[in-house]
Colleague: 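A single structure is presented below for examination.
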Amino acid sequence: MNILNEMIFIINQTFDLERKAAKITEKNSLGRNLQRLRAKYSEMGFEVHDPLGEAYNETRTDCEASISGDSNHNLHIVEVIKPIIRLQQGAAMMIVQKAVVLVDSKV
């Protein structure tokens, strides 16, 4: 496994931890540790984006979607399995992982 794949794995695990930590009602220090990890990823050139709630259409190239429901109109992202991960390399920003999402129509 190369270093890029290892970083993508670590970022995805952190993303899952953030979602789980957000559900904890007791006061904890996980949020601070997770913020430090995000800051380190940013220093390394990684940008992590959670597209939850954003509009979705077939021309969107940064997400791989499963569509639920009967309608293909007014689609929005209702669940994010994996976030969008971009990597800054010089002047260029490239997508190293497309988001894996579930979309549904908002009526």
Side-chain angles (χ1 to χ4, degrees):
M1 188 179 271
N2 67 31
I3 191 74
L4 178 60
N5 289 339
E6 290 177 12
M7 282 304 301
I8 290 170
F9 174 81
I10 292 168
I11 291 169
N12 284 325
Q13 293 303 306
T14 303
F15 181 77
D16 285 342
L17 285 171
E18 287 174 326
R19 291 192 308 182
K20 290 175 182 176
K23 293 178 184 178
I24 297 174
T25 57
E26 300 172 10
K27 190 157 181 95
N28 63 66
S29 63
L30 284 175
R32 184 172 30 129
N33 295 96
L34 293 168
Q35 286 176 341
R36 287 179 180 166
L37 285 171
R38 277 203 179 251
K40 185 54 74 177
Y41 302 151
S42 182
E43 287 174 20
M44 297 171 70
F46 290 93
E47 177 187 292
V48 180
H49 178 70
D50 180 356
L52 184 65
E54 294 179 4
Y56 178 83
N57 62 50
E58 299 83 25
T59 63
R60 191 163 179 168
T61 61
D62 58 356
C63 296
E64 294 179 5
S66 293
I67 300 173
S68 63
D70 296 330
S71 177
N72 285 342
H73 300 291
N74 198 21
L75 295 173
H76 285 78
I77 298 170
V78 295
E79 185 176 343
V80 178
I81 309 301
K82 291 184 178 183
I84 300 165
I85 303 175
R86 296 180 179 94
L87 177 59
Q88 183 79 41
Q89 290 189 317
M93 178 73 80
M94 60 186 254
I95 295 175
V96 295
Q97 174 179 278
K98 292 181 180 185
V100 177
V101 299
L102 299 177
V103 298
D104 201 350
S105 61
K106 282 194 171 181
V107 182

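Here the structure is a predicted model, which means the values were calculated and not measured.
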Colleague: Report yes if some heavy atom in the side chain of H49 is under 4.5 Å from a heavy atom in the side chain of E54; otherwise report no.
Modeller: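 When only atoms from C-beta onward are counted, E54 and H49 do touch, with a gap below 4.5 Å.
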Colleague: With rounding to the nearest 0.5 Å, note down the distance linking CD1 in I77 to CG in D50.
Modeller: 8.5 Å
Colleague: Passes side-chain contact (heavy atoms from CB on, under 4.5 Å), I8 versus V96? Steps please.
Modeller: CA-CA 8 Å; I8 290 170; V96 295; 4.0 Å; yes
Colleague: Taking a hydrophobic cluster as the set of Ile, Leu, Val, Met, Phe, Trp and Tyr residues connected by side-chain heavy atoms closer than 4.5 Å, whether directly or through intermediates, do I10 and L37 fall within one such cluster?
Modeller: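 Yes, same cluster.
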Colleague: Measure the shortest side-chain to side-chain distance between V101 and I81 over non-hydrogen atoms and say whether it is less than 4.5 angstrom.
Modeller: no
Colleague: Rounded to the nearest 0.5 Å, what's the gap from NE2 on H76 to OG on S105? Could you check?
Modeller: 10.0 Å
Colleague: Would you say that F46 contacts L4 through its side chain, given a criterion of any heavy-atom pair below 4.5 Å between the two side chains?
Modeller: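 Yes, at least one pair of side-chain atoms sits under 4.5 Å.
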Colleague: Within this structure, what is the CG-CD distance for the pair D104 and E79, rounded to the nearest 0.5 Å?
Modeller: 11.5 Å
Colleague: Could you pull out all residues at least two apart from R38 that satisfy salt bridge (charged side-chain N to carboxylate O under 4.0 Å, His left out)?
Modeller: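 So R38 forms a salt bridge (charged side-chain N to carboxylate O under 4.0 Å, His left out) with E18.
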Colleague: What is the distance from atom NZ of K20 to atom CZ of F15, rounded to the nearest 0.5 Å?
Modeller: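 Output value for this atom pair is 12.0 Å.
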Colleague: Can you tell me how far CG of D16 sits from CD1 of I11, rounded to the nearest 0.5 angstrom?
Modeller: 12.5 Å
Colleague: Under a 3.5 Å distance rule, please check whether R60 uses its side chain to pair with a backbone N or O of A55 as donor and acceptor.
Modeller: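 Yes; at least one donor-acceptor contact below 3.5 Å.
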Colleague: Are side-chain heavy atoms of K98 and D62 found at a separation under 4.5 Å?
Modeller: no
Colleague: As an exercise, state the distance from OG1 of T14 to OH of Y41, rounded to the nearest 0.5 Å.
Modeller: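 Reported to 0.5 Å precision, the distance equals 2.5 Å.
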Colleague: Quick one: does L34's side chain get under 4.5 Å of L17's, heavy atoms only?
Modeller: yes
Colleague: Please check if the side chain of S68 supplies one atom and the backbone of V103 the other of a donor-acceptor pair under 3.5 Å.
Modeller: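 Yes; at least one donor-acceptor contact below 3.5 Å.
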Colleague: Checking Q88 now: which residues fulfil side-chain hydrogen bond (donor to acceptor under 3.5 Å, both in side chains) with it, not counting sequence neighbours?
Modeller: none
Colleague: Is there a path of hydrophobic side-chain contacts, each under 4.5 Å between heavy atoms of I, L, V, M, F, W or Y residues, that connects I85 with M7?
Modeller: yes
Colleague: Show the nearest heavy-atom pair for residues L87 and M44, with the distance to one decimal.
Modeller: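 Minimum heavy-atom separation between L87 and M44: CD1-O, 4.0 Å.
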Colleague: Taking the side chain as every heavy atom from C-beta outward, state whether R86 and I84 have any pair of such atoms under 4.5 Å apart.
Modeller: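 A side-chain contact exists here, since the closest heavy-atom pair is under 4.5 Å.
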